Number of protein chains: 2
Amino acid sequence: MITNPQEAWKQTLEKHIRSRGLRLTRQRLLITETFFRRGGHTTVDDLYQELLKTQPGIGYATVYRTLKLLVECGIAESLQFGEDSTRYEPASEHHDHLICTGCGTIIEFENETIENLQEEIAKMFGFTLTHHNMELYGRCSDPKCTKKS
Amino acid sequence: MITNPQEAWKQTLEKHIRSRGLRLTRQRLLITETFFRRGGHTTVDDLYQELLKTQPGIGYATVYRTLKLLVECGIAESLQFGEDSTRYEPASEHHDHLICTGCGTIIEFENETIENLQEEIAKMFGFTLTHHNMELYGRCSDPKCTKKS
DNA sequence: TTAAGTGCAAACCTTTTGCTGCCCC
DNA sequence: GGGGCAGCAAAAGGTTTGCACTTAA
């Protein structure tokens, strides 16, 4: 049976919540739904602002706590780019990021050769890798970004 | 003429300072000296604590302001690992970091093949790269770090 | 002399935590 | 009904800023 991808997170979330004696609240559903609807690289504040539209009373802390929960479930991942605040994205196949410092565009990519080289490097130093970050910063081909500042 | 590497930063710093009408103060010299003596991956607090020993009255803000100055001069670089606070290292040939999440050991490495692949990827998306971050996280070969927690 | 720099404290920002009343199970 | 949760506000870090005094040039 093929799971509806838009609902897949709901099953994982519910399973995780049940197994821990936690509760599936209105807010948790709403936040998670909104998070997945928005898609990648969301700031907590982005998400909070959008949530305010449908749920005026919602608290900043609840958004933080729910995102932390999603990360624990393994259905979201936190990202730390050069800037100040943490971003979150739906968990998926591993990938890295290519970021335009002009317009903020974020492109996801994967490269198996690099991954293999990383493993090789780790082995060379006697490390066992658990995870990694790689962000490439540059200017995209948009004229506004290409021109010198 | 070969420049004494230990003094190289002093020349760059002075040049930058003169060219901008800034001033080479006792504190700036002391902070920069201490920063270079300590070497890589220093936290502002690390540096501040060490400075307190020789300069009890020094202010946190001064350390921050001086490090920012060193980054502007191009003789220091700021690093953002997974943790909370920014680290600084003396600028040098580009390298990436391999970090043990057990004991905090930080290893620097460079890999030209990866760098080339990164350029290739950027080109594929029409980007011109300016810089990048890559951090590999894992467990080093120390038994304390290898064992499961 | 005089403008930049220092030290201090207060402000800022992002994220976390304590608490009280609320609601899912 | 009871314990986990939401909302709020206050706290907690890390970093920046405003201000009056000091100091390099």
Side-chain angles (χ1 to χ4, degrees), chain A residues 10 13-35 41-73 76-88, chain B residues 10 13-35 41-73 76-88:
Chain A
K10 208 171 273 184
L13 179 61
E14 201 163 341
K15 195 169 162 187
H16 180 92
I17 278 183
R18 302 293 176 219
S19 75
R20 293 207 181 192
L22 308 178
R23 292 175 188 176
L24 195 56
T25 62
R26 185 167 35 86
Q27 288 88 337
R28 282 180 176 162
L29 272 172
L30 179 62
I31 292 169
T32 313
E33 219 161 64
T34 309
F35 171 67
H41 319 121
T42 311
T43 288
V44 175
D45 194 60
D46 289 347
L47 197 50
Y48 176 69
Q49 295 303 334
E50 181 151 345
L51 285 161
L52 276 185
K53 297 177 192 165
T54 44
Q55 186 78 15
I58 202 159
Y60 226 101
T62 306
V63 181
Y64 269 103
R65 286 191 273 233
T66 301
L67 282 171
K68 185 179 266 185
L69 181 68
L70 299 190
V71 172
E72 285 168 21
C73 295
E77 281 169 5
S78 72
L79 304 172
Q80 191 72 51
F81 295 156
E83 345 144 13
D84 350 44
S85 54
T86 306
R87 286 167 182 271
Y88 292 84
Chain B
K10 208 172 272 183
L13 179 60
E14 200 163 343
K15 195 169 162 187
H16 179 93
I17 277 183
R18 302 293 177 220
S19 75
R20 293 206 181 191
L22 307 179
R23 290 172 190 180
L24 195 56
T25 62
R26 185 167 35 86
Q27 289 89 334
R28 282 179 176 165
L29 273 172
L30 177 63
I31 292 169
T32 313
E33 219 162 63
T34 309
F35 171 67
H41 318 121
T42 312
T43 286
V44 175
D45 193 61
D46 289 349
L47 197 51
Y48 176 69
Q49 295 304 333
E50 181 149 346
L51 285 160
L52 276 185
K53 296 177 192 164
T54 44
Q55 187 76 16
I58 202 159
Y60 226 103
T62 306
V63 181
Y64 269 103
R65 284 191 274 233
T66 302
L67 282 171
K68 185 179 265 185
L69 181 67
L70 299 190
V71 171
E72 284 167 21
C73 293
E77 282 169 4
S78 72
L79 305 172
Q80 191 73 52
F81 296 156
E83 344 145 13
D84 351 43
S85 54
T86 306
R87 286 166 182 272
Y88 292 83

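Since this is a predicted model, take the numbers as computed values, not measurements. Residue numbering restarts at 1 for every chain, and letters A, B, ... go by the order of the sequence lines.
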> Would you say Gln27(A) reaches dC24(C)'s phosphate, i.e. side-chain N/O to OP1/OP2 under 4.0 Å?
Replying inline: no

>> So, does Arg65(A) get its side chain near the phosphate of dT17(C), meaning an N or O under 4.0 Å from OP1 or OP2?
In response: no

>> On the nucleotide dC5(D), are OP1 or OP2 found under 4.0 Å from the side-chain N or O atoms that Arg28(A) carries?
In response: yes

> Ignoring hydrogens and geometry, is there a side-chain-to-backbone donor-acceptor pair from Thr43(A) to Asp46(A) under 3.5 Å?
Replying inline: no

> Roughly how many Å is it from OH in Tyr64(B) to P in dG7(C), rounded to a whole number?
Replying inline: 16 Å

> In whole angstrom, what separates Leu22(A)'s CG from dC24(C)'s P?
Replying inline: 15 Å

> Using 4.0 Å as the upper bound for N to carboxylate O, is an ion pair formed by Lys10(B) and Glu14(B)?
Replying inline: no

> When we call it a touch if two heavy atoms are under 4.0 Å apart, what does Arg20(B) touch: a base, just sugar-phosphate, or nothing?
Replying inline: nothing

>> Counting only side-chain nitrogens and oxygens, does Ser85(A) get under 4.0 Å of the OP1 or OP2 atom of dC13(C)?
In response: no

> Are any of Thr25(B)'s side-chain N or O atoms less than 4.0 Å away from OP1 or OP2 of dT23(D)?
Replying inline: no

>> Judged by each residue's nearest nucleotide on DNA chain D, which is more toward the 5′ side, Ala61(B) or Arg26(B)?
In response: Ala61(B)

>> If I take atom OH in residue Tyr60(B) and atom C1' in nucleotide dG13(D), what distance separates them, rounded to the nearest angstrom?
In response: 10 Å

>> By nearest atom, which of the nucleotides dG7(C), dT2(C), dT15(C) is closest to the Thr62(B) side chain?
In response: dG7(C)

> Quick one: Leu24(A) CG to dG4(D) P, roughly how many Å, whole number?
Replying inline: 16 Å

